[in-house]
There are 2 protein chains.
Amino acid sequence: MKYKKSRSRDLIRDMLDHTVDHPTAHELFDRMRPDFPRLSLATVYRNLGILVEQGAIARVELKGNPERYESRMEPHYHLICENCGAVRDVPVSVDDELDTRVEAATDCRVTRHEIQFFGLCESCS
Amino acid sequence: MKYKKSRSRDLIRDMLDHTVDHPTAHELFDRMRPDFPRLSLATVYRNLGILVEQGAIARVELKGNPERYESRMEPHYHLICENCGAVRDVPVSVDDELDTRVEAATDCRVTRHEIQFFGLCESCS
DNA sequence: GTTCATGCAAATCGTTTGCACAATG
DNA sequence: CATTGTGCAAACGATTTGCATGAAC
């Protein structure tokens with residue numbers, strides 16, 4: 001068996017399953033601290049890495065911000081609020097045809113794409 | 001006058017005007033060192049920051065990599081080679097209608113978007 | 001001669017790693 | 001008991017900053 005059970009790893013996964021925001025490692029750490037007074041930030045990073053490796057969660061890399069994490073694994077796009085920094089999923093379906101079009105216009109193989117939208121979230125607009 | 005003339009800043013701008021790759025601060029530093037033996041990496045970073053602030057160049061933030069820079073200022077998309085890490089511009093026109101569609105599907109204001117395509121560049125495919 | 005640019009070293013931020021000990025299976 | 005998980009501190013890579021000196025205007 002490659003992985004044993006870990007209370008903190010289970011909690012991370014659970015927190016990500018029950019939030020729509022896209023917390024950073026440090027934000028998760030802060031949210032867990034009440035329950036895990038001796039928790040170390042390194043443990044959070046290590047467990048996030050394991051969960052990503054397991055395919056249970058995804059790392060989201062966005063302009064300027066530290067890495068964020070989410071448990072929604074179907075491909076989707078993100079919107080970043082330029083006022084408050086909030087990150088939200090965008091309810092617009094992923095257009096695979098874009099990849100085909102780029103392939104046609106270049107000599108490259110294109111396997112996927114990511115889109116980040118910038119603007120103001122509902123609270124800020 | 002807010003900015004004075006600077007040989008190293010001019011050279012940075014010039015190098016970015018004459019390359020299609022998207023160099024990092026350190027790559028620029030290495031390319032300049034032959035001409036500027038006492039150049040400091042901090043100067044490269046400072047000048048890149050000034051050029052971005054002036055709107056002369058753009059900072060390109062891409063998955064995993066350190067920040068990259070380019071002098072092409074018209075909006076365009078990027079493709080990252082998952083084999084060699086090369087970054088290239090994509091000859092597909094920017095679709096502003098995407099922003100409108102996201103606005104319609106949310107309560108957000110959307111001002112722009114960025115797309116990164118992933119795959120294999122011509123040399124690697 | 002005031003302001004901006006530079007080199008250098010130190011500081012910072014986010015993240016990773018080494019190591020000794022605790023928990024899991 | 002063999003292996004994985006954890007805390008802690010130290011190491012790390014990319015970038016920024018403070019400070020004293022040098023160049024531009």
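Lettering follows sequence order; numbering is per chain, from 1. Only heavy atoms go into these numbers, but all of them, side chains included; no hydrogens, no water, no symmetry mates.
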Short side-chain to backbone donor-acceptor contact, H22(A) and V87(A), under 3.5 Å: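 Yes: the side chain of H22(A) pairs with the backbone of V87(A).
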Backbone of V110(B) reached by a side-chain donor or acceptor of E103(B) within 3.5 Å: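 Checking the backbone N and O of V110(B) against the side chain of E103(B), a donor-acceptor pair under 3.5 Å is found.
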Measure from [atom1] on [X] to [atom2] on [N] and round the result to the nearest Å.
{"X": "Y3(B)", "N": "dA24(D)", "atom1": "OH", "atom2": "P", "answer": "18 Å"}
{"X": "Q54(B)", "N": "dA5(C)", "atom1": "CD", "atom2": "C1'", "answer": "13 Å"}
{"X": "K5(A)", "N": "dA22(C)", "atom1": "NZ", "atom2": "P", "answer": "22 Å"}
{"X": "K2(B)", "N": "dA24(D)", "atom1": "NZ", "atom2": "C1'", "answer": "17 Å"}
{"X": "R9(B)", "N": "dG7(C)", "atom1": "CZ", "atom2": "P", "answer": "12 Å"}
{"X": "N47(A)", "N": "dG5(D)", "atom1": "CG", "atom2": "P", "answer": "7 Å"}
{"X": "L11(B)", "N": "dA5(C)", "atom1": "CG", "atom2": "P", "answer": "16 Å"}
{"X": "E27(A)", "N": "dT15(C)", "atom1": "CD", "atom2": "P", "answer": "11 Å"}

Heavy-atom side-chain proximity of P23(A) to R31(A) below 4.5 angstrom: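 In short, these two side chains touch, coming nearer than 4.5 Å.
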Heavy-atom side-chain contact between D21(A) and E27(A) under 4.5 Å: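 Heavy-atom side-chain distance check fails, nothing below 4.5 Å.
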Selected nucleotide, minimal atom distance to T43(A) side chain, candidates dG5(D), dT6(C), dT6(D):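 For the T43(A) side chain, the nearest candidate turns out to be dT6(D).
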Selection from dA5(C), dC25(D), dT6(C) that lies nearest to any side-chain heavy atom of S8(B):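 From the listed options, dT6(C) comes nearest.
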Could you go through nucleotides 9-15 of chain D and list every protein N or O atom that sits under 3.5 Å from one of its N or O atoms, giving the distance for each pair?
residue	atom	partner	partner atom	Å
dT15(D)	OP1	E67(B)	N	3.0
dT15(D)	OP2	Y45(B)	OH	2.4
dT15(D)	O5'	Y45(B)	OH	3.4

Residue R9(B) excluded, over 12 heavy atoms near CZ under 6.0 Å: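 Enclosed: over 12 neighbouring heavy atoms sit under 6.0 Å from CZ of R9(B).
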H113(B) versus D95(B), side-chain donor and acceptor atoms under 3.5 Å: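 Side-chain D/A pair, D95(B) to H113(B): absent.
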base_contact_polar (dG7(D) base, R46(A) side chain, donor-acceptor, <3.5 Å):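 For R46(A), whose side chain was compared with the base of dG7(D), there is a donor-acceptor pair (under 3.5 Å).
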Solution key, residues 33-42 of chain B side-chain donor-acceptor pairs under 3.5 Å, sequence neighbours excluded:
residue	atom	partner	partner atom	Å
R33(B)	NH2	D30(B)	OD1	3.2
S40(B)	OG	A42(B)	N	3.1

N65(A) side chain near dG14(C) phosphate (N/O to OP1/OP2, under 4.0 Å):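 Negative; the distance criterion is not met.
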Side-chain N,O (S6(B)) to OP1/OP2 (dC4(C)) below 4.0 Å: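 Indeed not, no polar side-chain atom of S6(B) lies that close.
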